[in-house]
Protein chains: 2
Amino acid sequence: MALVSIKDVARAAGVSDKTVSRVVNREANVHPDTMEKVERAIAELNYVPNLSARLVRTNQSRTIGVMTDLVSTTPYSGEILRGIHDWAKRFNKTVLIIHTGGDPEEEERAWRTFQEHRADGVIYATMFHRDAGLRRDALKLPTVMVNCFSSSDPDLPAIVPDDYGGCVGLIDHLLDLGHRRIAHVRLNPNLKAAHLRLAAYRDTLARRGIEVDETLVAEGMDGEVGKDLNVAFESTLALLKRDEPPSAIFCGNDEIALQVYCAVLSQGLQIPRDVSVVGFDDFQTVSKGLRPQLTTAALPYFRLGYEGAALLETLLGEHDVKGVSVMDCPLVSRGSTGAALER
Amino acid sequence: MALVSIKDVARAAGVSDKTVSRVVNREANVHPDTMEKVERAIAELNYVPNLSARLVRTNQSRTIGVMTDLVSTTPYSGEILRGIHDWAKRFNKTVLIIHTGGDPEEEERAWRTFQEHRADGVIYATMFHRDAGLRRDALKLPTVMVNCFSSSDPDLPAIVPDDYGGCVGLIDHLLDLGHRRIAHVRLNPNLKAAHLRLAAYRDTLARRGIEVDETLVAEGMDGEVGKDLNVAFESTLALLKRDEPPSAIFCGNDEIALQVYCAVLSQGLQIPRDVSVVGFDDFQTVSKGLRPQLTTAALPYFRLGYEGAALLETLLGEHDVKGVSVMDCPLVSRGSTGAALER
DNA sequence: TTGTAAGCGTTATCAT
DNA sequence: ATGATAACGCTTACAA
């Protein structure tokens, strides 16, 4: 009943176990005839090697653990996992994912599970860009952080998106189109990205010689992350009803842009004729679903995962890997931005 | 250098390997004192059992393989995977995910990988509801289909969402609000769901004694699934400009609803005052992001995954499991629907 | 080129 | 209640 083992193959082919092992692992020094005999037996018996048995002997699991704080859904961040899987497939590794929801007890269990499986290393991935607050002694295995970092130990290897740079690109784009009154509807201020994006907004305007009008900065959402209360619609209505309304609105992300669209359109205004709108994330269901489609900056979730896995591999290769790397958020120019009206 | 094994613990505790094994596996008949000695040694040496070694002996991997056709992103369907993970965590199983993109060669490789890991069974999950066309002899392990089915072998165990029933709920809801001219902006007709949703639309109107006006059925998208061309915006404009415009629009899904919103609002109309709108999927970034929020039917992705895993377990327990089960798509009533205007 | 013997870390069997 | 011994399926080391 038990599955066929290397011994069954050996018997069928009339050779020793070791010879079968050689064929399976494509080792040198096997006579072509022997090889053929063995391969025929393998095919006939439908033999598939047992990875666990191999691991017991070699101690090489070729497995990486992935720990995420995923609870409900920040939809596209699942792309991080796809990036990791893609890398793993290419390099023939196994991926073991555990969603902990950020619960410390669950995380403790996850570390243990990774150890039980003798994972080579771990990717600690968060579903939004944040301080994971990890301490070196909490890591039971070599670890790379993805989409997060540790303020208490900044040397720990990490990869995060370049929120700041992406926003610079967006604001420059609007300025190049002639916009001078650019409003900002903010992300939830509990998010790291909210601060980076606001800073980039202010800095870029200043660099280009535009005075920052703080009354053009409005709240878009608030409350605990994931259960945020979204007020972007109301904030936008208020902005539009001002005496001197903005000619462009820079939204904290695409989800906010969605509400900004609803508000702008409900006032009988047109995008981009009356108001240009830019988002952030390139959350495609929204950014490509809106009419006109949304100009935004792409959060490189897939690459974050892929490069994170690659970085872990470097780390495991005993190379020194230190500190936080940053991934581009390229501008994606679509129909929601146009030249500012002459006044 | 090698990790600490059961022998190291046995030596440290002054007992035999087997006794340590007994403690680790909480077997009966261990003296409390012995148990304590052993547990102290385990803690001191930081011993973690090696699952692979255990598997070699017991032949119980407690692992389920998951094969998906995920390529780029149908965002929320990642929830299927979360449902599977949740189930697995609760029942202490390991999940092995492979994204094949639907490529037959990749699928072949995936089956082999599952066999190498001695997975107990497999979940074959697709990212949208469709005919997977699987044949029994292609399955190398006990398999349950999730979000898909096999027309060529309808007895294969499968779980799919109740697209039809969900739409009945939506249309009934609109009829109860007094709407009589309900338009339908369709899903991509290459999707199974497109036909189910259209059929439910027609059947429900007929059942309630409303004559189906086929000119109120408009195309929403077309082309290869995943790269669809979305024309819902234009279709909606055409519907609204008719002499007798619809008082409500039933959208093929939430993504289409997004465009319908843009079209309705751009005409200076209000939702739901002038037009009620319903979607399908409850794709929350859209359905809860729109203003007003969208009335829709919830695609139970998470439950599909969770129940799929549970069904696989039943199948592995040698119970007979046959045919396709169906999961409810409950109505989620929000602000986009209101009473029809008197005429 | 091929085979033998030992061993990886665990559990199963059967004594004690 | 505890332990000795064999066994799981594979690879390593070494011999032939």
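Per chain, numbering begins at 1; letters A, B, ... match sequence-line order. The model shown is predicted, which means the values in this text are computed figures rather than measured ones.
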Nucleotide of [options] approaching [X] most closely (side-chain heavy atoms):
X       : options               : value
B/Val56 : D/dC8, C/dT11, D/dC10 : D/dC8
B/His31 : C/dT11, D/dT12, D/dT2 : D/dT2
B/Ser5  : D/dT11, C/dG9, C/dT11 : C/dG9

*Find the distance between CG (B/Leu70) and OG1 (B/Thr100) and round it off to the nearest 0.5 Å.*
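Rounded to the nearest 0.5 Å, the CG-OG1 separation comes to 9.0 Å.
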*CA sep, side-chain torsions, deciding dist, call: B/Val24, B/Ile42, side-chain contact (heavy atoms from CB on, under 4.5 Å)*: CA-CA 9 Å; B/Val24 170; B/Ile42 287 178; 4.0 Å; yes
*asked:* Angle between ring planes, B/Phe302 versus B/Tyr306, binned at 30° and 60°: parallel, tilted or perpendicular?
replied: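 Ring orientation of B/Phe302 relative to B/Tyr306: parallel.
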How long is the line joining [atom1] of [X] and [atom2] of [N], in whole Å?
X       : N      : atom1 : atom2 : value
B/Asn59 : D/dA7  : CG    : P     : 16 Å
A/Gln60 : C/dG9  : CD    : P     : 14 Å
A/Leu55 : C/dT10 : CG    : C1'   : 12 Å
B/Lys18 : D/dA7  : NZ    : P     : 16 Å

*asked:* With the threshold set at under 4.0 Å for non-hydrogen atoms, list the residues of residues 32-53 of chain B touching DNA chain D in residue-number order.
replied: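 Contacting residues: B/Thr34.
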*Classify the side chain of A/Arg57 and the base of C/dG7 as holding, or not holding, a donor-acceptor pair under 3.5 Å.*
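Result: at least one qualifying N/O pair found.
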_If you assign each of B/Ser16 and B/Arg118 to its closest nucleotide in DNA chain D, which residue comes earlier from the 5' end?_
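Nearest nucleotide further toward 5': that of B/Ser16.
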_If you assign each of A/Asp17 and A/Lys7 to its closest nucleotide in DNA chain D, which residue comes earlier from the 5' end?_
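Closest to the 5' end, via its nearest nucleotide, is A/Lys7.
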*Can you check whether B/Asn50's main-chain N or O pairs, donor with acceptor, with B/Ser52's side chain at less than 3.5 Å?*
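Pair absent, no side-chain N/O of B/Ser52 close to backbone of B/Asn50.
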*Enter the inter-axis angle for the ends of the helix from C/dT1-D/dA16 to C/dT16-D/dA1 (five pairs per end, rounded to 10°).*
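Here the helix ends are tilted 30° relative to one another.
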